[in-house]
Number of protein chains: 2
Amino acid sequence: MTTIHDVARISGFSLGTVSNVINHPENVARKTRAKIEAVMVELDYSPNVMARNLSLGTTRNIGVVLPNNRHPYFSYIVDGIMEAAFPTGYRVSLLPTNYDEDIERRYLRELQQKAYAGMIFTSRQLPLDELVRATRFGQIVSCENVGTRAISSAYSDRLPTYEQALRWIKESGYTQVALMVQRGGEDSETTRDLLQAYRNVFGRELADSRLRLGIANRRDGYDAACFLAATDPAVDFVLANGDDIAAGVYMAYKDNGQKIPGIMGTENQLSSQLLHFPTINHHLETLGHIAFSLAIREGVRHQLVKSDFIARN
Amino acid sequence: MTTIHDVARISGFSLGTVSNVINHPENVARKTRAKIEAVMVELDYSPNVMARNLSLGTTRNIGVVLPNNRHPYFSYIVDGIMEAAFPTGYRVSLLPTNYDEDIERRYLRELQQKAYAGMIFTSRQLPLDELVRATRFGQIVSCENVGTRAISSAYSDRLPTYEQALRWIKESGYTQVALMVQRGGEDSETTRDLLQAYRNVFGRELADSRLRLGIANRRDGYDAACFLAATDPAVDFVLANGDDIAAGVYMAYKDNGQKIPGIMGTENQLSSQLLHFPTINHHLETLGHIAFSLAIREGVRHQLVKSDFIARN
DNA sequence: TTGAAAGCGCTAACAT
DNA sequence: ATGTTAGCGCTTTCAA
């Protein structure tokens, strides 16, 4: 590997001068600069990033913590982040946690060690306070509402949109609603919002058996729907956390030859357009976009991304 | 930030000994090790990755070069890579190129600077020889067939499967086939294979106007199909590079109130199952899996991933 | 304008 | 078993 030393030696100038043509070219005489640059080209030199980072004490890396690589929720956010990162020259590292708190903590340590300039939590298991404490080491952005905590966030106002969606369901005459989500209300803010919206609109608690947990993909949706169809035929509407999942529900009822209930999903994926069922669009790419820009900027800021309900019949 | 020096000073042992408890604990007396570890915990110390990398001259980072973040082709490969990387503790950085050769070259430089232990090219613009030359600096894996070049690869045997698919089309009685792809035969090996398969099965060249270029998503597919429907009503079959894209084609013909041609896509996405059209599964997640394992292992190896045709009516 | 030298935090010989 | 020291490749004072 050719280093800055080689360039110095061969060009006949000192280390410091070579470093200056890289970092402060305005402080170097035109002629020497030209010579040194020529040598750099000749040797095919380019500065070692690791050394540079160590010396500077910073990187241009952003870590994106995601519990789950499969769920479209996260893919959409990542898409938005990538798009925003590209023109800035920042690198983004994907940091999967598999919903493991200890692994999240390990990533936080890497932030502490300056492996990343900032970190985006698309979701989290760790107590919020641990994140807040870690902001000393680098910028941290949450993709969920953090209230007034001292941590930047780009988040969706899910509750009003959920209410709107559930009102639509109610007004369409459905009364026996089942929900499919990944994590329960204790773990997930989204699920909490959804249950709250249900309460607000229907004026009662959702029966436990009508909240199907652990649903992450279309296959899960299919299986859960088979179960519902067999054990709870009264259900006349299924709201799932993703259009593809909702499509799985559709296929299950169809394959079982049962009357297909009303269905609704989220993210306005292709499947809801093909099957023409309503959906909730959280605008996750926009959210990723904003999350990235917060991650590379100092200070705490909270930014709301409005979601919306798309009615279809 | 607390460093190894702090740990040394406070524990009363030397730098080297502290370093040893981190890297070669077996060479340290049980008692001193215990003391030092206690201090580490107390100080909430963890080694600085950048310094460690610089000293060692390696990282545990894998860079994944992708031209395009949106196309499902790449998402599926990335999914496979992430899944394979997770248990190994390697980090993966996404490196978008936007199909720009110079940007690919820049990433290659970062490999040279040891920013990555290895690099996976899901696709490339650069001449293969440039990649081969760069293997001196780190492991490079191509996700396309590289023949006998000295560079590892995990690739799909597309040609036979394309032939099988086109034979199915022919035997189903279709004769006026249009293809939708992203890049032309000059740029893309996939497209070359596809055109070759067409030649082999139909015994003639595909008309230029029946090869629709620049198609990357469902929207593109929709637009291209509108164009086809308007300008070339003889077309009776459309084969698109992705099921969602093919679904866009379906919707276009439907929205235009025209007779819907036969359609076929790739990747066995949800949409082909919903609309029940045939597809070609390239098993891209498996491919990503293999690409990753090749990236963290020495030596050159070529690994074929069999794709298959899924007939549906 | 250029050069010399210290330091970023760590690892690994080598010496004790 | 533990300590000392010389790097890894770079940036940035500070001095010339």
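All chains are named by letter (A, B, ...) in the order of the sequence lines, taking the proteins before the strands, and each is independently numbered beginning at 1.
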Provide, to the nearest angstrom, the distance between the [atom1] atom belonging to [X] and the [atom2] atom belonging to [N].
X      : N       : atom1 : atom2 : value
K31(A) : dT2(C)  : NZ    : P     : 11 Å
H24(B) : dC10(C) : NE2   : C1'   : 12 Å
N20(B) : dC10(C) : CG    : P     : 14 Å
L54(B) : dA12(C) : CG    : P     : 13 Å
F13(A) : dT1(C)  : CZ    : C1'   : 10 Å
L15(A) : dT1(C)  : CG    : C1'   : 16 Å
N48(A) : dT11(D) : CG    : P     : 10 Å
R52(B) : dT11(C) : CZ    : P     : 5 Å

Residue [X], side-chain heavy atoms: nucleotide from [options] that is nearest:
X      : options                  : answer
Y45(B) : dT1(C), dT11(D), dC10(C) : dC10(C)
N23(B) : dT11(D), dT1(C), dT11(C) : dT11(C)
P47(B) : dA4(C), dT2(D), dC10(C)  : dC10(C)

Under 4.0 Å from OP1 or OP2 of [N]: is there any side-chain N or O of [X] that close?
X      : N       : result
T32(A) : dT1(C)  : no
H5(B)  : dG9(C)  : no
S19(A) : dC10(D) : no
T17(B) : dT2(D)  : no

Taking atom types as modelled, find out whether [X] and [Y] have a side-chain donor-acceptor pair closer than 3.5 angstrom.
X       : Y       : result
N241(A) : R183(A) : no
S46(B)  : Q113(A) : yes
Y116(B) : E110(B) : yes

Check step by step if side chain to side chain contact (heavy atoms under 4.5 Å, CB included) holds for F13(A) and V28(A). CA-CA 11 Å; F13(A) 291 91; V28(A) 179; over 6 Å; no
Counting only heavy atoms from other residues, nucleotides and ligands, does the tally under 6.0 Å from CD of E26(B) exceed 12? yes
Closest-nucleotide mapping onto DNA chain D: is V28(B) or G16(A) further toward the 5' terminus? I mean the 5' end. V28(B)
What about S55(B): does its side chain form a donor-acceptor pair under 3.5 Å with the base of dG7(D)? yes
Over all strands shown, is G57(B) touching base, sugar-phosphate only, or nothing at heavy-atom distances under 4.0 angstrom? nothing
Tell me what N27(B) touches on the nucleic acid: a base, only sugar-phosphate, or nothing, going by heavy atoms under 4.0 Å. base
